[in-house]
Structures are given as structure tokens and as C-alpha cells.
Undergrad: 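Provided herewith is a single structure, encoded as C-alpha cells, for subsequent inquiry.
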Amino acid sequence: MVSIEKNITSVKQRIEQAAVQAGRDPNSIKLLAVSKTRPINDIQVAYKAGLNALGENYVQEATDKIKSLATLGAEWHFIGPLQSNKTRPVTEHFDWVHSVDRIKIAKRLSEQRPEHLPPLNICLQINIDAEPSKSGALPEQAIDLALLVSQLPNVRLRGLMAIPKACDTLEAQRQPFRALRLLKEQINQQLDNSQKLDTLSMGMSGDIEAAILEGSTILRVGTDIFGPRASTVNNNGSKPL
Ligand SMILES: *Cc1c(COP(=O)(O)O)cnc(C)c1O
């Protein structure tokens with residue numbers, strides 16, 4: 001049995017240490033609990049331990065969970081690949097979407113966002129290592145995409161997200177995160193003051209420290225909070241048993 005509370009304490013210690021090393025305020029870094037495939041009970045434990053921001057990858061699984069946990073008042077982040085025919089439930093149930101990689105998706109999110117809700121916070125997912133099989137806009141498309149998305153009325157462009165390829169050393173892990181930070185700075189040079197990006201969604205269980213050293217403001221952590229995901233589940237959309 002893993003203890004979710006203990007795991008959270010140790011993840012928070014890692015965040016604190018890396019923030020000190022980076023000369024940053026640990027409170028400027030949001031810890032997003034990635035709860036895909038996890039049962040409702042585990043999510044409640046994490047929420048009670050202070051993690052009120054939850055990340056989900058699969059639309060159907062997520063909307064079921066959000067409905068049954070409606071009384072929690074959690075902040076929900078959609079972080080998985082998003083098809084254009086699934087945007088509506090995302091606009092109805094989520095506060096953030098981290099995985100916007102083309103204008104078509106952004107437009108639909110803006111058009112479908114219910115009027116009684118505030119603008120949907122979005123991040124552009126960038127394929128920072130330009131890996132052929134990976135989702136995300138290419139780095140050279142990022143500025144144009146950001147300028148278009150920032151014009152849409154019912155979404156608020158907050159920043160950039162990336163899932164770099166796994167690397168062993170801290171220095172190798174830092175390199176793509178640094179590239180993402182520089183890309184955000186480049187985009188900000190072209191945006192009005194009221195629209196500047198304030199978010200870098202980067203860092204998962206294996207590279208928390210590298211991400212913090214390069215300026216991460218949202219860490220997306222699953223395994224190191226909830227324990228390993230069942231091996232029958234992959235990251236391509238398969239459902240847990
Ligand atoms: C699953 C997932 C995570 C969490 O990964 P862990 O290695 O379990 O911390 C973070 N971001 C995205 C986009 C994911 O799909």
C-alpha cells in the first residue's frame with residue numbers, strides 16, 4: 001500500500017529544495033495531482049492533503065469523476081490529447097486545458113465555453129524536441145499560434161506546456177525546459193501587457209527538479225503522488241480494468 005499523504009509530503013519537500021536552489025518562492029509553483037486512472041477515493045485523499053488542482057487525460061473518465069466529485073470544489077485541468085469532437089464536455093467541466101496544439105481546437109473551446117463560466121485557461125502544448133510521433137505544435141509554429149489564440153474571446157492563453165523525452169541527467173532534462181522558457185519569453189515580446197503568458201506547465205514525476213530550475217509554474221505529477229499506474233493502462237487512452 002502506498003501512502004498518498006506521505007508521497008505528497010516528499011514531493012513537496014523536493015519542490016521546496018529545488019525552489020531554494022533556484023532562488024524561487026516554492027509558493028509560485030502549483031502542484032497538479034495527475035489523477036488519470038485513479039479511483040475517486042485516492043483523489044479525495046489527495047484533495048484533503050491539500051492538492052486542490054487535479055489533472056485528467058481522458059474526457060469520458062474525467063467527466064464522470066468530476067460529476068461525482070462536484071462538491072469538492074476542485075480545480076480541474078485537462079492535460080491529455082484533445083480531439084475536436086470532444087471539446088464541448090471539456091469546456092463544460094474544466095478550468096484549464098494544457099494540450100491545445102492547433103487553432104481549430106482553440107476556436108472550438110472558445111466558441112463552446114458556456115457563458116456563465118469565466119474564460120477557459122489554456123496552454124499551448126509544444127513538441128519541444130520536435131519528435132515525429134508526438135503531439136504538440138512545433139516550436140517554430142508557436143508564436144503564430146499564440147498570437148491567434150490570444151485573440152479569442154472565451155479562452156485565456158496562459159502559457160506553454162511540454163512533455164520532453166525522458167533523459168537521465170539533470171543537465172539533459174533541463175535543456176528542453178529551458179527551450180520552452182525561452183519560447184515563452186519570445187512570445188511575450190509580441191503580446192500586449194495585459195496578455196503576457198504567466199505559465200510554464202512542465203515537469204512530471206521524473207523531472208520535477210529540472211523543471212523548477214528552468215522556471216516551471218505548474219508541475220504535473222501522477223506516479224510520485226499516487227504510486228505506479230496499473231501496467232494494463234497505457235498513456236494512449238486505454239481505460240483501466
Ligand atoms: C500522465 C501524465 C503526467 C504524469 O506523469 P507521472 O510520470 O505519472 O508523474 C503528466 N503530464 C501528462 C500530460 C500526463 O499524461
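First listed ligand is number 1; within each ligand, the first listed atom is number 1.
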Undergrad: Touching ligand 1 at all, Arg229? Heavy atoms, strictly under 4.0 Å?
TA: yes
Undergrad: Is it the case that the side chain of Gln173 and the backbone of Cys167 share a donor-acceptor pair, with hydrogens and angles ignored and the cut-off at 3.5 Å?
TA: yes
Undergrad: Backbone N or O of Gly203 within a donor-acceptor pair of the Ser216 side chain at under 3.5 Å?
TA: no
Undergrad: Suppose I only count heavy atoms of Lys36 and a 4.0 Å limit; which atoms of ligand 1 are within that range?
TA: 1 (C), 2 (C), 3 (C), 14 (C), 15 (O)
Undergrad: Considering only heavy atoms of Arg220, which atoms of ligand 1 have at least one such atom less than 4.0 Å away?
TA: 4 (C), 9 (O), 10 (C), 11 (N), 12 (C), 13 (C)
Undergrad: Do the side chains of Phe177 and Met204 join up, straight or via other hydrophobic residues, at under 4.5 Å, putting them in one cluster?
TA: no
Undergrad: Hey, does the side chain of Lys30 reach the backbone of Ile218 with a donor-acceptor pair shorter than 3.5 angstrom?
TA: no
Undergrad: Does the distance from a Lys or Arg side-chain N to an Asp or Glu carboxylate O, for Glu61 and Lys65, drop under 4.0 Å?
TA: yes
Undergrad: Does the distance from a Lys or Arg side-chain N to an Asp or Glu carboxylate O, for Lys134 and Asp129, drop under 4.0 Å?
TA: no
Undergrad: If you measure from atom 7 (O) of ligand 1 to every heavy atom of Gly227, Ser135, Ala33, Ser205, which option wins on shortest distance?
TA: Ser205
Undergrad: Taking only heavy atoms of Ile79, which atoms of ligand 1 are found under 4.0 Å from at least one of them?
TA: 11 (N), 12 (C), 13 (C), 14 (C)
Undergrad: What atoms of ligand 1 come within less than 4.0 Å of a heavy atom belonging to Ile163?
TA: 13 (C)
Undergrad: Run the numbers on Arg178 and Glu171 for salt bridge (charged side-chain N to carboxylate O under 4.0 Å, His left out), then give the verdict.
TA: CA-CA 10 Å; Arg178 187 177 308 143; Glu171 193 42 50; 3.1 Å; yes
Undergrad: When only distance counts, is Gly222 in polar contact with ligand 1, meaning an N/O pair under 3.5 Å?
TA: yes
Undergrad: Out of all atoms in ligand 1, which are within 4.0 Å of some heavy atom of Val221? Include the element for each.
TA: 9 (O)
Undergrad: Under 4.0 Å from a heavy atom of Asn57: give me the atoms of ligand 1 that qualify, with their elements.
TA: 14 (C), 15 (O)
Undergrad: I'd like to check which ligand 1 atoms, numbered from 1 as shown, lie under 4.0 Å from a non-hydrogen atom of Thr223.
TA: 6 (P), 7 (O), 8 (O), 9 (O)
